[in-house]
Participant: 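What follows is a single structure, and I will ask about it in a moment.
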Amino acid sequence: MKAWRILRPSSVRTGMFCRLGSFDEMGLEGGKKTKTGAYATGADILESLAAQGHDLPGRVLDWRQLTKLKSTYTDALQDQINPETGRVHTSYSQAVASTGRLSSTDPNLQNIPVRTEEGRKIRTAFVAEEGMKLVSVDYSQIELRLTAHIAEVDALKQAFAEGEDIHAVTASQVFGVPLAEMDPMTRRKAKAINFGIIYGISAFGLANNLRITQGEAKAFIEAYFDRYPGIKDYMNAAKAQARERGYVETLFGRRIHIPAIKEKNPARRSFGDRAAINAPIQGTAADIIKRAMIRVPPALAEAKLSARMLLQVHDELLFEVPEGEVDDTIALVREVMENASAPALTLSVPLVADAGVGDNWDEAH
DNA sequence: TCGGCAAGCCAC
DNA sequence: AAACGTGGCTTGCCGA
């Protein structure tokens with residue numbers, strides 16, 4: 001995008017260093033080891049140490065966040081500005097991700113930070129040309145909607161049809177809390193389960209994510225499957241099909257091979273199981289947004305709109321739009337995206353696309 | 001100088 | 001301590 005703004009995170013200073021004290025020196029014992037036998041120092045480890053009252057781990061985490069943003073984004077992206085266009089241009093690969101998603105390289109513009117305040121500052125550097133706006137249109141919960149359709153879960157389909165807060169509805173139905181009395185913690189648990197379902201849930205993974213015991217996680221998952229037995233049926237069917245044929249399919253019939261499904265090693269086989277569960281969901285979402293991407297440019301031309309499609313980020317399309325055409329462009333793009341499965345596929349849940357506008361990508365998101 | 005691996009971390 | 005899915009990039013290290 002044009003006019004890359006130079007960012008200087010004020011808290012990053014060259015020459016700053018420290019030595020990480022050993023577990024012994026910090027009065028700790030039994031630190032987790034990596035595959036090579038070194039002490040693991042991933043964010044989760046340091047967060048738990050920080051929570052135990054130590055000062056250093058939190059400072060290391062802050063330092064890591066800032067150096068990550070500076071080396072991977074602030075510095076690297078400026079080096080990639082094309083001198084002829086004044087813009088950063090990515091390359092998309094269409095045959096890398098097994099599920100059919102696109103991937104983005106040199107630079108990867110599908111992993112620009114968004115989750116933290118500092119990270120979002122990177123996004124503000126992606127700006128529209130003078131007289132133009134950036135418009136972001138993204139699918140709302142597309143993978144959960146597709147899961148509800150594929151697994152034929154009436155309760156979830158109805159919640160989507162009525163535009164309800166899907167995580168709150170799940171929390172209410174799984175944990176028996178009335179929707180009107182939903183508390184943030186219960187909703188958070190349901191949200192984690194919903195994500196886990198898409199990925200092929202395990203008690204180990206959910207326990208890790210929610211920082212609860214595997215026993216508690218197992219109980220949550222069982223409660224979920226009791227309430228939504230169609231989900232369990234879908235998972236078993238996906239695994240069985242992968243085992244029998246070596247592949248699963250998206251709703252459009254595109255095949256996704258799952259080689260790990262034939263592994264003898266139980267851990268690798270489980271990996272294949274989860275891939276078989278996730279691939280039709282993630283792959284169908286990829287099919288749908290690609291159909292939308294094919295239809296948008298001719299639809300814009302037909303409507304005499306001059307917006308340019310700049311980026312795809314899995315469930316989001318980013319456009320550069322003349323200021324006077326923003327409203328019409330949003331209406332057109334939402335229409336195309338929300339109907340992109342038709343006529344080849346009629347979904348039993350509505351697809352919803354939300355739009356944002358701004359002078360930069362952070363504002364538009 | 002280059003390529004590969006490990007560890008870590010960014011996104012959806 | 002990341003096997004709950006899909007990717008790519010950086011740093012540090014090693015060997016060709």
Side-chain angles (χ1 to χ4, degrees), chain A residues 30-49 60-61 63-77 79-80 90-116 118-120 122-123 138-144 147 192-211 214 217 220-221 235 238 248 256 258 260 263 265-283 285-286 289 311-316 361 365:
Chain A
K32 298 290 194 292
K33 301 289 185 61
T34 64
K35 191 163 47 170
T36 61
Y39 282 117
T41 71
D44 262 33
I45 301 283
L46 297 189
E47 274 164 27
S48 73
L49 292 177
V60 172
L61 285 170
W63 178 82
R64 286 217 185 129
Q65 187 199 22
L66 293 169
T67 55
K68 172 82 175 180
L69 294 177
K70 185 173 189 294
S71 64
T72 306
Y73 302 102
T74 307
D75 291 344
L77 287 172
D79 292 341
Q80 301 245 17
T90 188
S91 296
Y92 284 109
S93 299
Q94 192 151 216
V96 169
S98 59
T99 56
R101 274 188 175 186
L102 300 183
S103 69
S104 162
T105 62
D106 307 306
N108 180 358
L109 294 183
Q110 290 181 322
N111 73 342
I112 302 303
V114 71
R115 292 175 191 190
T116 67
E118 286 297 316
R120 281 193 293 276
I122 301 288
R123 277 199 183 228
D138 70 292
Y139 283 112
S140 166
Q141 306 286 3
I142 186 170
E143 294 190 347
L144 271 181
T147 303
I193 297 175
N194 277 336
F195 269 102
I197 293 304
I198 291 169
Y199 297 156
I201 202 163
S202 75
F204 182 91
L206 184 65
N208 226 347
N209 193 289
L210 284 177
R211 298 167 196 275
Q214 278 197 54
F220 286 177
I221 294 168
M235 291 181 169
V248 291
I256 299 169
I258 313 286
E263 287 279 358
N265 179 312
R268 294 185 191 188
R269 229 277 290 278
S270 296
F271 188 82
D273 287 344
R274 292 189 295 274
I277 291 165
N278 173 262
I281 301 168
Q282 191 181 118
I289 196 168
L311 294 176
Q312 187 254 44
V313 191
H314 309 305
D315 65 357
E316 171 189 7
W361 196 2
H365 197 266

Participant: Run the side chain to side chain contact (heavy atoms under 4.5 Å, CB included) test against A:Pro113 and tell me which residues pass, sequence neighbours left out.
Facilitator: A:Leu69, A:Tyr73, A:Ile122
Participant: What I want to check is whether the side chains of A:Thr99 and A:Gln282 have a donor and an acceptor closer together than 3.5 Å.
Facilitator: yes
Participant: What contact category does A:Arg268 fall into here, base, sugar-phosphate, or nothing, at under 4.0 angstrom with non-hydrogen atoms?
Facilitator: nothing
Participant: Applying salt bridge (charged side-chain N to carboxylate O under 4.0 Å, His left out), name anything that partners A:Glu143, two or more places apart in sequence or on another chain.
Facilitator: A:Arg101
Participant: Excluding sequence neighbours, so at least two apart, what forms side chain to side chain contact (heavy atoms under 4.5 Å, CB included) with A:Asp44?
Facilitator: A:Glu47, A:Arg211
Participant: Under 4.0 Å, heavy atoms only, any strand: does A:Ala279 hit a base, just the sugar-phosphate, or nothing?
Facilitator: nothing
Participant: What is the per-nucleotide protein-contact pattern of nucleotides 1-7 of chain C, from the 5' end, where B denotes a base atom under 4.0 Å from a protein heavy atom, S denotes such proximity for sugar-phosphate atoms only, and - denotes neither?
Facilitator: BBBBBBB
Participant: Just wondering, do A:Gln141 and A:Asn194 contact through their side chains at under 4.5 Å, heavy atoms?
Facilitator: no
Participant: For nucleotides 10-16 of chain C, read 5' to 3', which letter fits each nucleotide if B means a protein heavy atom sits under 4.0 Å from the base, S means only the sugar-phosphate is that close, and - means neither?
Facilitator: SS-----
Participant: Under the rule for side chain to side chain contact (heavy atoms under 4.5 Å, CB included), what residues qualify as partners of A:Thr34, not counting sequence neighbours?
Facilitator: A:Thr36, A:Ala38, A:Ala40
Participant: ring-ring contact (aromatic ring centres under 6.0 Å, His included) with A:Phe220: which residues, sequence neighbours excluded?
Facilitator: A:Phe175
Participant: For A:Ser140, give me all partners under side chain to side chain contact (heavy atoms under 4.5 Å, CB included), at least two apart in sequence or on another chain.
Facilitator: A:Arg145, A:Val352, A:Asp354
Participant: Sequence neighbours left out, what pairs pass side chain to side chain donor-acceptor pair (under 3.5 Å) with at least one residue falling in residues 196-209 of chain A?
Facilitator: none
Participant: Report the residues that fulfil side-chain hydrogen bond (donor to acceptor under 3.5 Å, both in side chains) with A:Thr72, sequence neighbours left out, ordered by chain and then residue number.
Facilitator: none
Participant: I'd like the C1' distance from C:dA1 over to B:dC9, given in whole Å.
Facilitator: 14 Å
Participant: How far does the P atom of C:dG7 sit from the matching atom of C:dA3, given to the nearest Å?
Facilitator: 15 Å
Participant: Rounding to an integer number of angstrom, what distance separates C:dC4 and B:dG4 when you compare their P atoms?
Facilitator: 29 Å
Participant: Applying side-chain hydrogen bond (donor to acceptor under 3.5 Å, both in side chains), can you list everything that pairs with A:Ser103, at least two apart in sequence or on another chain?
Facilitator: none
Participant: When you list every nucleotide of DNA chain B with an atom under 4.0 Å from a heavy atom of chain A, which one comes first 5' to 3', and which comes last?
Facilitator: B:dA6 to B:dC12
